[in-house]
Number of protein chains: 2
Amino acid sequence: MSRPTLASLASELVVSRQTISNVLNAPHKVKPATRARVQAAIAAAGYRPSAAARQLRTQRSMNLGMRLLPATDGINGAVLDRFLHALTEAAQSAGYRLTLFCADSDGDEIRQYEELLDVAGLDGFILTSSTPDDARTLWLQERGTPFAVFGRPWDAAGHPAAAAHPWVDVDGAAGTTAAVEMLLAQGHSRIGFLGWFTGDPVGADRRRGWERAMATAGYGEDVRGLGVEAQDTVAGGASGAALLVSRGATAMVCSSDSLALGAMEKLRELRAGSSVSGQAAGLNGPGGLSAVVGFDNTPVAAALGLSSVAQPAEEAARHIIRVLAYELAGGGSLAATDAVGVDAGAAPAAPAPPERQLLLAPHVVERIPLPLAATGSSQGPTAAPSMQPR
Amino acid sequence: MSRPTLASLASELVVSRQTISNVLNAPHKVKPATRARVQAAIAAAGYRPSAAARQLRTQRSMNLGMRLLPATDGINGAVLDRFLHALTEAAQSAGYRLTLFCADSDGDEIRQYEELLDVAGLDGFILTSSTPDDARTLWLQERGTPFAVFGRPWDAAGHPAAAAHPWVDVDGAAGTTAAVEMLLAQGHSRIGFLGWFTGDPVGADRRRGWERAMATAGYGEDVRGLGVEAQDTVAGGASGAALLVSRGATAMVCSSDSLALGAMEKLRELRAGSSVSGQAAGLNGPGGLSAVVGFDNTPVAAALGLSSVAQPAEEAARHIIRVLAYELAGGGSLAATDAVGVDAGAAPAAPAPPERQLLLAPHVVERIPLPLAATGSSQGPTAAPSMQPR
DNA sequence: GCGGAAAATTTGATCGATCAAATTTGTGCG
DNA sequence: CGCACAAATTTGATCGATCAAATTTTCCGC
């Protein structure tokens with residue numbers, strides 16, 4: 001037998017299509033006895049409603065779209081990777097499917113939205129990364145398409161902006177603040193900041209966290225000169241670290257793991273260079289090598305024993321789906337009014353709407369740099385005789 | 001006006017639905033004059049056929065599915081990331097959409113196939129990674145679902161197996177062979193192999209490439225003891241490298257960048273330990289640090305100046321789509337006979353069917369290890385005065 | 001046992017496209 | 001001119017579900 005349909009199942013069961021449909025979509029409308037009988041038949045026949053037919057009628061595809069950004073660094077892009085995994089999983093368990101697409105530019109991305117909405121009837125989009133005065137969010141809002149953004153809205157000046165759409169972001173400043181606090185606890189006081197060039201708001205935000213923490217600790221005055229910017233690469237990190245050291249820094253918080261990796265290597269090199277007792281250039285602070293903290297907690301950081309600020313990408317993804325699903329389920333129709341002083345109405349215990357805009361706190365993963373001692377790890381290496389030749 | 005449909009456009013143009021449909025799907029059936037008029041109207045109205053309606057009628061969704069594997073290492077997983085990007089892009093330009101899904105196990109993956117086929121009507125699947133006697137490929141073949149695999153089929157013994165389904169893979173042995181040749185050219189002769197524990201066929205294949213190249217170069221005898229296996233981590237690479245060095249290796253080819261990274265660090269450490277003139281333990285072969293070659297050409301390798309074997313992931317992705325699209329377009333109906341001596345028939349110049357099974361050759365990216373000299377890269381670092389406080 | 005409202009179920013129309021067959025228009029030629 | 005036949009276009013049915021309204025069944029009190 002080929003795939004069962006509502007009609008085929010109905011005639012078999014001697015009930016109408018609609019009754020079966022109701023069992024699936026509005027069970028309370030069906031008499032318990034019938035319901036049980038139908039459910040049994042559905043399970044037995046392995047019936048699954050066709051999404052295409054359903055979509056044609058209901059105009060909902062249960063399909064969400066997300067642009068796959070052109071891989072930038074690959075070292076830092078790892079966060080989006082984790083995000084994508086978690087997003088797929090969350091979407092799936094919320095009953096949505098996830099469609100990927102590529103775009104050459106933000107303009108092209110909008111063109112893709114249009115196409116995907118018209119042709120595939122996607123129900124909503126997830127945007128990753130937000131730019132100041134984002135054209136995409138404007139377009140989507142005008143058109144009334146549901147969407148949620150991983151990344152705060154920024155105004156043209158690079159400051160957090162107010163926006164009506166849902167978003168989730170990670171509080172970068174809180175991350176660098178926590179990193180500074182960790183270093184302070186280790187006994188450091190001349191803690192530098194190593195950021196990237198591109199004047200984007202994310203970098204500025206991370207820098208602010210460092211400034212704030214230093215000021216709070218009473219080192220606000222010393223900060224001048226300890227904030228440095230370089231290209232967001234390993235090489236850039238190395239030269240930036242050299243500059244910071246020359247200015248007396250004994251520790252540094254970096255905007256990325258690429259930078260931190262370069263910094264760590266450079267510190268190691270400087271320490272090796274300054275002879276055995278490397279107290280020379282102010283190196284060897286209390287924490288030794290771990291005086292470098294990266295950002296994003298990339299696999300590389302984990303592999304090399306680099307401390308790093310970890311973004312809760314999985315939690316962000318789950319929340320994005322939660323919000324989007326809520327909007328798509330019509331939750332937005334009531335929640336349109338800002339959630340301030342909404343006490344009247346006495347709604348019948350709706351399942352507390354998710355925060356439409358959420359800032360998550362990252363945490364610092366403290367690591368001890370790879371010792372590289374000859375002692376093997378859990379399982380030591382073994383010589384293996386050549387296997388099958390040829 | 002809301003979205004135009006065939007019917008709305010038809011009445012506007014005073015032609016029938018079917019004529020418009022034909023203009024889109026079988027232009028040759030429509031008189032040139034009419035065709036032009038309809039095409040203009042389509043463009044003007046921005047008409048786009050609904051995929052759901054089309055799918056309902058044609059039973060084709062133009063949608064491909066792919067499982068997103070649970071992120072393993074993150075360092076080595078980068079290849080799949082590039083693959084996914086290229087795949088999305090290729091699918092898109094072939095007119096297909098890509099749907100992602102997650103699964104807990106291979107068994108669950110099959111369950112997902114079933115669901116996605118029934119509910120969403122996916123036209124085919126892309127599998128990444130293949131296991132010996134893969135249950136998924138068997139299931140898909142039995143069911144007659146089109147699919148293509150990134151990875152060769154292996155038999156239970158871990159040897160390449162014959163299979164009827166399309167696949168693309170990268171020739172790992174050729175990669176390690178090329179790596180050995182590069183090292184030979186640098187003057188090395190005691191070249192070790194550093195693989196991973198898990199007895200999977202991919203690792204064995206890469207090892208065979210090393211063995212073959214060494215034998216060809218006349219060092220077949222020496223190989224004994226120079227093949228070592230460890231955990232596929234940075235720490236594992238370090239300890240494996242130590243062992244290889246103790247056996248007299250001056251260079252080594254690794255199965256992954258994780259291993260190579262550990263090896264590189266260990267070599268650096270050993271070299272530093274053996275005083276200034278580190279000729280001691282047979283270190284400092286002709287190629288110096290670059291005597292380590294990794295596999296997968298991960299961003300980390302690029303960042304750290306580690307030579308590595310690069311998989312043509314993008315090309316693999318494009319070919320996978322090419323093959324799958326060909327099958328889905330009905331190309332398989334003729335190509336069922338093996339492409340050996342098919343000279344008869346004299347087909348009317350069909351656009352040469354793509355190879356159903358293709359082994360791509362990787363290439364070695366030779367790099368000079370990060371010097372970490374204080375001289376800044378292209379753009380040097382600059383001190384930046386504190387930005388907006390608070 | 002009966003009227004009438006509520007509950008349960010069924011029927012016909014519809015979403016927007018393509019297929020298959022029917023119909024109309026156009027062309028060549030004796 | 002008119003016939004046969006091909007080209008171009010149109011019509012009706014269909015894919016598989018849900019919606020809205022019509023219909024039948026059930027239940028209750030009097």
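Reminder, nothing fancy here: chain letters follow the sequence lines and each chain counts from 1. All heavy atoms count here, side chains included; hydrogens, waters and symmetry mates do not.
B:Arg48 comes within 4.0 angstrom of the backbone, heavy atoms only, and of no base. Among the atoms of the strands shown, only primed sugar atoms or phosphate atoms (P, OP1, OP2) are found under 4.0 Å from some heavy atom of B:Thr5.
OP1 or OP2 of D:dT18 has at least one side-chain nitrogen or oxygen of A:Ser21 nearer than 4.0 Å. Listed pair A:Ser50 / D:dG16 fails the phosphate criterion, with no side-chain N or O lying under 4.0 Å from OP1 or OP2. For B:Thr19, a side-chain nitrogen or oxygen approaches OP1 or OP2 of D:dT10 to under 4.0 Å.
To the nearest 0.5 Å, atoms CD1 (A:Ile321) and CG (A:Leu64) are separated by 5.5 Å. Once rounded to the nearest 0.5 Å, the distance linking OG of B:Ser130 with CZ of B:Arg136 reads 7.5 Å.
Of the candidates B:Phe147, B:Tyr96, B:Tyr113, B:Tyr113 is the only one forming a ring-ring contact (aromatic ring centres under 6.0 Å, His included) with B:Phe125.
Look at NZ on A:Lys29: it is 16 Å from P on C:dA6, rounded to the nearest Å. Put simply, CG on A:Asn22 is 14 Å from P on D:dA17, counting in whole angstrom units. For A:Leu56 and C:dA13, the CG to P distance is 17 Å, given to the nearest whole Å. Atom CD1 of A:Ile20 is separated from atom C1' of C:dA8 by 15 Å (rounded to the nearest Å). Regarding A:Gln59, its CD atom lies at a distance of 11 Å from the P atom of D:dC19, rounded to whole Å. Between B:Gln18 atom CD and D:dT9 atom P there is a gap of 12 Å when expressed in whole angstrom units. Spacing between atom CZ of B:Arg60 and atom P of C:dT18 amounts to 13 Å, rounded to whole angstrom units. One can place CG of A:Asp118 at 12 Å from P of C:dG16, the figure rounded to the nearest angstrom.
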Residue pair B:Arg322, B:His319: steps toward the side-chain hydrogen bond (donor to acceptor under 3.5 Å, both in side chains) verdict | CA-CA 5 Å; B:Arg322 209 177 299 139; B:His319 191 80; 3.0 Å; yes
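The main-chain N or O of A:Cys102 is never found under 3.5 Å from a side-chain atom of B:Thr88 such that the two would form a donor-acceptor pair.
Comparing A:Thr34 and B:Tyr47, the nucleotide of DNA chain C nearest to each residue sits closer to the 5' end for A:Thr34. Summary of the strand contacts: B:Val30 and A:Lys31 both lie near DNA chain D, and taking for each the nucleotide with the nearest heavy atom, the more 5' one is attributed to B:Val30.
The base of C:dT14 is paired with the side chain of A:Arg57 by a donor and an acceptor separated by under 3.5 Å. Judged by distance alone, with hydrogens and angles left aside, B:Arg17 brings a side-chain donor or acceptor within reach of the base of D:dG12, the pair sitting under 3.5 Å. At a cut-off of 3.5 angstrom, the base of D:dC15 holds no donor-acceptor pair with the side chain of B:Gln55.
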